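Read the structure below first, then the notes.
Atoms considered below: every heavy atom in the structure, side chains included; atoms not considered: hydrogens, waters and symmetry mates. Only a predicted model underlies this, so the values are computations on that prediction, with no experimental measurement involved. Just so it is clear: chains get the letters A, B, ... in the order the sequence lines come, proteins before strands, and each one is counted from 1.
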Amino acid sequence: MADTMRETSAPNGSESRKTRAVVPFQTFLLYAGSALIALVVGAVLIIVTSSDLRARYSYFFAVPGDAIGATAHRISEVYGTLLTGAVGSPSAYLAFIRAPGADTAGVAFSPISETLVAAAPLIVAGLGISLAFRAGLINVGGPGQAALGALTAAVVGYWLDLPFPLPLLMAAGAAVLVGGLWGALVGWLKARFGAHEVVTTIMLNYAATNLVVLALSFSFLRRPGRSDPITPEISEGARLPGLFGSDFRVNIGILVAIAAAVLFWVLLNRTPQGLELRAVGQSRQAATALGINHRRVWVGAMAGSGGLVALGAAIHVMGVEHAMTPGTAGTLGIDALVVALLGRTGPVGCCVAGVIVGGMRAGGTQVQALTGVPYDIVTCIQAVLVLLIATPRVAKALFRLRKLSIKPSTTHGWAA
Amino acid sequence: MKIATEKVTKRFGDLVANDEVSIEFGAGAIHALLGENGAGKSTYMAMLYGMLEPDEGTILFDGKPVELSGPPDAMAAGIGMVFQHFMLVGPFTVAQNVLLGLEPAELTGVDEEAMNARVAELADRYGIQIDPRARVDELSVGLQQRVEILKALARDVRVLILDEPTSVLGPEDAQALFVVMRKLAAEGKTILFVTHRLNEVRQVASTVTVMRHGRVVGTCDPSADRDEIVALMLGESKPLSLTYAPPPRRGKTEVLRIRDLHAAATLGSGLRGLELSVRPGEIVGVAGVEGNGQRELLRSLIGLTRPEHGTISIDGHDVTDAPPAERTRLGLGFIADDRHGLGMIGGLSVSENLILTRQRRFTKHGLLDFKSIDSDVAARIREFDVRLSSPQQLIGRLSGGNQQKVVIARELARELKILVAAQPTRGVDAGAAHNIHSQIVALRDRGVGVLLLSAELDEVLSLSDRVVVLAGGVAAPAAARPWDRQAIGAAMSHEHPEAVRGSHDG
Amino acid sequence: GAPPSGGAAKAGDGPTGCLVADTAGINDGGFNALAWGGMKKAEKDLGAKVRFLQARSSDDYATNINAFVKQGCDLIVTVGFRMADATKAASAQYPDAKFVIVDNAYDPALPNVRGTTFATDQGAFLAGYAAASASHTGKVGTFGGVKISPVESYMDGFARGAAYYGKQTGKDIQLLGWSIDRRDGTFIGDFNDQEKAKQITRALMQQGADVIYPVASGAAVGGYSAIKDNGNGVLGIKGDIDGCTALPDYCGIFLTSALKNVDAAVFEAMTEVRDKTFKGSTYVGTLKNDGTGIGPFGQNEGRVPPQAREDLKKIADQLKTGELKTGSPFTVAN
Amino acid sequence: MTTSIVLAIRGTTARATRVRLGAALALAALNALLVLLTFRSHSGTTKIDWSVSGRETAWTIPSFAVPTSVAAVLGAVGLLAAGLAVSRGGKRHLGGLLTLSGIVAVLATLVLCGAGQTVSLLALADESMARAAPLVLAALGGVLCERAGVINVAIEGQLLFGAFVGAIAGSAGGSGLVGVLFGVVAGVAIGALFATLAIRFKAEQLVVGIVLNTAIAGLTGFFVSGIFIDTPSLNNTPTIGAISIPLLGDVPVLGPLLFHTSPYVWLAVVLAFVVNFILERSRIGRHITAVGENPRAADAVGINVQRVRFWATVAGGLIIGTAGTYFTVGSVGQFSIDMTGGRGFIALAAVILGAWRPAGAIAAAALFGFADALQLALNILGAPIPSPLLLCLPYVVTIIAIVARGQVRAPSADGVPYERN
Ligand SMILES: Nc1ncnc2c1ncn2[C@@H]1O[C@H](COP(=O)(O)OP(=O)(O)OP(=O)(O)O)[C@@H](O)[C@H]1O
Ligand SMILES: Nc1ncnc2c1ncn2[C@@H]1O[C@H](COP(=O)(O)OP(=O)(O)OP(=O)(O)O)[C@@H](O)[C@H]1O
Ligand SMILES: [Mg+2]
Ligand SMILES: [Mg+2]
């Protein structure tokens, strides 16, 4: 998000001091307002699906306080659970401070741990989708790239029974390679034949999913003694070490994610290739005229994009699942798209968005388990949030943010 | 119908495209509107047709003030317009285009045959030859123009506005159009007609209005002296910003060589067999009205469009089919007239825009070397006096003139063999223009060849060592100093027969 | 009604039971629903507090189990063979938590997990025999959701039972959709896609199958809907639970069902948790202990010849004693 | 012949021709393989019949048995046709020869895999139509939007929403027709929302489409878990199954295909003609096309660009919403999460493959329906090809087709918001 701030608030010689302060504030309003609307939509859904509340609203005009009080209670209960499920509850933290120990720590910090576990793959894959966006490409091929990346990591991870960091590095490297090649194929189809990436990636998603099923049907890739599609567990040396012991699932994946974000930033802003990529993404025609080979950039960007998504899936497999089934990392590709759009395709944005989406996942699970409101409430909230942030004109009109500058569109219809 | 405007003003931001324009056009006559590129003619016409709303002033139809909220209002009032930029639906047939919006709503669908017949009949009536069944995007621009005219005629207009209808036509087609125009005028219709060609004005117009810088600078009789009209259009010769000095060393070999270049046009004439060469250490100026092949020439030189025929070589290497990157490597630099589309990347910073094309050279250990970049950028900014708050500012946020300075600074930063400069000073202030001009001359003095394309005759004349006139897609023979300003102006207006040779394929 | 799940159940003094459902959810009309049924019974009879979480993909198994562990559930029921890994991992990490997994057993048994497996091949064997006897065309069909051992176990039993009928009567019985020799057949690929189940069922009917057994959890409804649309005397076999109970709308097309009494197993585990007698162990549901079996013939009882009905009783006895074996590699009834 | 291949493949011919030539070579190889496989397989007979299960007709065509060796003959014919296509250097009669070669290869495969079993060609056609019907409808809706210049990648979400609303409304109203009716309304609503975002707010259409897909998936998932689990009766709509027309249904071949089938098939056929008529022949279609190709030109002759785009998008949404009800009202009667299973994306591919023309989109959707039905038929006949590979086939074919079709251009202004200045 900071990245966008930089863009929308770039200082300008003739801009008065006042406008300079107004623009970041308006960007902040965009986020705050969008979040508010998303939460309100979520609240409406909660009310609509609660039969108890619906009953109270049926006699609303007789005893309005009853319905309003119950609604407020219900909504604060759900959103409270969402929040404590994502970041932990104050009482648990207090308990830990009063009596530091393994069990109090477990209760206090496990929500954060769950959030970070979910966030790591999301951040990395979100960076991947962002990379494509920055080159003016929409990579909807996340599901396929993630599936192949996860499969590769799982297979290499159990084949190599070497001392600790080696299998891990090689499994991750192989996943990046396979995901990168799968992505590069999309770039090549676009560069060579003008086939639009939205269509080719969607088709390749199905192909990849089926290839995974095919691969898992070979007995030499299947777990001994099992007839169902599941690989053997990866070797100890290929597992991501936990950060805070076995009580918490959080592992070094989150550090990898932060490293990936730093690398992403360096690549885009500190290398000639990154400059060329952004140039093509901003204006293919001008970039071409200035001697940049946009076809090569497309292939490269899609390769990098696919590689990062695959790496995200590998982190998921090596950190959490330790084996591959046809459903593993199945939703990562689409969630990554949400992260990229929410993070406005910047490295810091993706990290923040990844943690938010990861937190909503951890919190959403608690919401369903404790309050009975279905998990999908968070999907709905996220969708509204993304819709508002990805289409700033709507928010601009809604909140009357006249000073908010709108990024020029980066996607250009079907024209190749 | 009589049509008039009173003190109509139209602004685009700070730019005043029309400044209190008051004209009156009588019915049953052909009125010509003359003026340089950017004089405001199209803007004026668009307001009459309701495509643009005037900021101030009134439009009067038959003496009655009207408010046009859109083309439908104008159409309802009996006004038709043929745009400078065609407005045709490519995959439709001629008849479908002509009758677009006029199709009868019938349950059995649109009766194609009836439509074809209707259009054929209409075309016959005005002696326009065209096949109603042909697909429009497969037609030549000349024929597309006929479709545009038929479109207006099908609406039974009382006023027909034609914005540069002949710029895309060969002489015969133009003559055919004049026949139609006269016929329409004889039927009592009012015709407004924009052109840059003086001979045409003399052939068909009954009144002439000349615009410059958004204002009406005079009206005259079409039979007036050629030089008088040219003078009105071009205005006073501006004081030269530089005193001309001949090139110190002019090379013998040709650093840029263009042979028999043909390129299809999207608008205007395209290229129809252009021959041109530039030697090291000279500035070759290309004078001409826009739409005569300038755009195609520039894009073929950069490598964005593939010519249909002919060759381009840079420093002896044939680059006709080479990608832009290769040309850049051979020493081609360019300043595009379409700054926002080609010259710069608005979403990148000034600093990044300044080093684009040299980014690989500023790389150390795979990373951009910001120490040398920053010092280089600072030097360029100083040299070209770019006014900005920080080099990290997005270039899109700079004023137009400062953007242009950045573009030029970038191009001149490389080792060039040939610079193609299109409208290098468009939109920049006098001081900056002077600076840009001196840089171009200094470049020439260092032995670089320069091809200068400009719609401003004064700019071309003050800088160039040789001048060619680009008209109808071919370059008329070069003129030598001292310039015959009137003759060049006339050639730009297609007064020389040579200037239109080879333009019969419209 | 009450809010959407057992989450806000009336505070009982019984144990807290938490169910991790697979992707088809607790309304699948199959084993997820059965497991939830067992929980609901515990809610009513034992005053238990019950909750559930539904997985959206296999990635959620571990997350959902962990969420329940952190909430301090007294018993966590993981529904399905596909949760075997996640359950095992959680049981190792949280030795104090108690688990029941449906459709899987660990060897050796884990100290805090009740593995429950079912010799569903036995129930399916009977259903296959009945199906073959009711078929006019001599062709019966089956297909699976995902190729996992509990599904294969059903398909094996069904195939062997049908073949056994052919052997006994000398009739030519063909099975479509599953080949015991190749150990391969027709699968949907998941347990949710009803449309695909419908298409497969149509294709099977086209090949002449007139008794069809979809082993596909929530997706199976698609198959029954195809049979109902067809309306040509084709019958369906319900898995896990009696068809007329689970899907009353389709009651008319069911021949019988191959049962898997998950609810009883779950309820029993809940009872043990309340009585503090719960231990890690393996429960094997067989014909003998009523863990599996053939359901009632409903309206279509007449399609099964009287002789075959007699035979079924005999075969059931033989299977119970081990005199007759189903031959499935996945059987647990030994 | 080789020289002509070389000549044809080397740069001189257009890319499309080169790709078609590649297809010819691939088909030749496939047919040759089939011939070889026939010789290696056990001889037997394949029964070809003309029944569609459960649809007894008064008159039928008798079934007949063909020896497996016929597959070799068919393969040889296919090989010949493909070879002829290659020798033509990828020029004359190419399409016809390729189609012939492809059809023959499919028949040979069926005969080969069906050895000892029964293959009903009519049932295959029937299945293809059943699968194609929702695809055709969705693709028609997509064509409507895109021809007006609004890129619609939200077809998947719109289908899902139609299915969802159809299920609820049908259940609540106790009638499948009510479900369809509200599915139509749902389609209109989502279409209007999409149009507002795309046209009024000039949002990036590709992005909005993608986000709308996730939003609808989340929303429907929420209601499934939030309402249907407690109130299953709200998710149990009466269905609209196959309907038979007396007499006509008894006509051999055509009877079971067209006159004893799901009304959605009829709807698809009818709307195929209607949309084709509207877009290619009617006045409003002219305006829609004009607005999608050159909105300024349309504006200049007084066509209200934004209004035409808005209503075209809404109409597209209407058709797609209706198509969505197929998955619930027209099928099982229950909504389940993500039940459209990517069929909206297939429809999108059909729009593009069909070059943004109704006829083309219909053909592409039908082809996809056929490939899908064939894939399952082969699986059930026990074809020794791993089913995941068979399942890949339609998608790979789509990519190849899109590559081959590379030259086709989208409506010029597709995805470009219109502003007068
Ligand atoms: N939509 C617009 N936005 C901003 N500036 C504009 C716009 N349209 C025209 N202008 C500017 O207004 C001025 C007048 O333009 P106009 O097109 O009327 O000139 P013209 O006389 O028709 O020139 P030409 O002979 O080149 O057609 C030019 O400087 C042009 O750049
Ligand atoms: N999109 C923008 N966002 C913020 N500021 C802008 C933007 N566009 C222009 N500006 C600022 O507005 C001022 C006016 O810009 P404009 O292009 O009209 O300058 P100008 O007066 O034409 O100067 P010049 O003569 O150099 O072209 C400039 O100082 C520029 O920095
Ligand atoms: Mg003009
Ligand atoms: Mg300016």
> Contact part of A:Ile381 toward chain D, heavy-atom cut-off under 4.5 Å: side chain, backbone, both or neither?
Replying inline: neither
> Considering only heavy atoms, which portion of A:Leu341 lies under 4.5 Å from any heavy atom of chain D: side chain, backbone, both, or neither?
Replying inline: side chain
> Which answer fits D:Leu197, side chain, backbone, both or neither, if we ask what part of it has an atom under 4.5 Å from a heavy atom of chain A?
Replying inline: side chain
> Under a 4.5 Å heavy-atom cutoff, which of A:Thr379, A:Val386, A:Ile377 has the most pairs with chain D?
Replying inline: A:Ile377
> Checking A:Thr328 side chain against A:Thr325 main chain: does a donor-acceptor pair fall under 3.5 Å?
Replying inline: yes
>> Taking side chain as everything from C-beta outward and backbone as N, CA, C, O, which of these in A:Val384 sits under 4.5 Å from a heavy atom of chain D? Side chain, backbone, both or neither.
In response: neither
>> Once rounded to the nearest 0.5 Å, what's the spacing between atom CG of D:Asn235 and atom CD1 of D:Ile227?
In response: 10.5 Å
> If only atom types and distance count, is the side chain of D:Asn379 paired as donor or acceptor with the main-chain N or O of D:Gln375 below 3.5 Å?
Replying inline: no
> Would you find a donor on one side and an acceptor on the other, under 3.5 Å apart, between the side chain of A:Tyr79 and the backbone of A:Leu39?
Replying inline: yes
>> Between A:Leu45 and chain D, with a heavy-atom cut-off of 4.5 Å, which part of the residue counts as in contact: side chain, backbone, both or neither?
In response: both
> Is there a donor-acceptor pair closer than 3.5 Å between any side-chain N or O of D:Arg343 and the backbone N or O of D:Thr340?
Replying inline: yes
> Under a 4.5 Å heavy-atom cut-off, does chain A meet the side chain of D:Leu219, its backbone, both or neither?
Replying inline: both
> Given the options D:Cys392, D:Ala215, D:Ala203, D:Ala413, which has more heavy-atom pairs under 4.5 Å with chain A than any of the others?
Replying inline: D:Cys392
> Taking all non-hydrogen atoms of both residues, which atom of D:Phe228 and which atom of D:Leu234 are closest, and how far apart?
Replying inline: CE2-O, 3.9 Å
> Under 3.5 Å, side chain of A:Asn139 to main-chain N/O of A:Ile129, donor-acceptor pair present?
Replying inline: no
> Which atoms of A:Leu214 come close to chain D, meaning under 4.5 Å heavy atom to heavy atom: side chain ones, backbone ones, both, or neither?
Replying inline: both
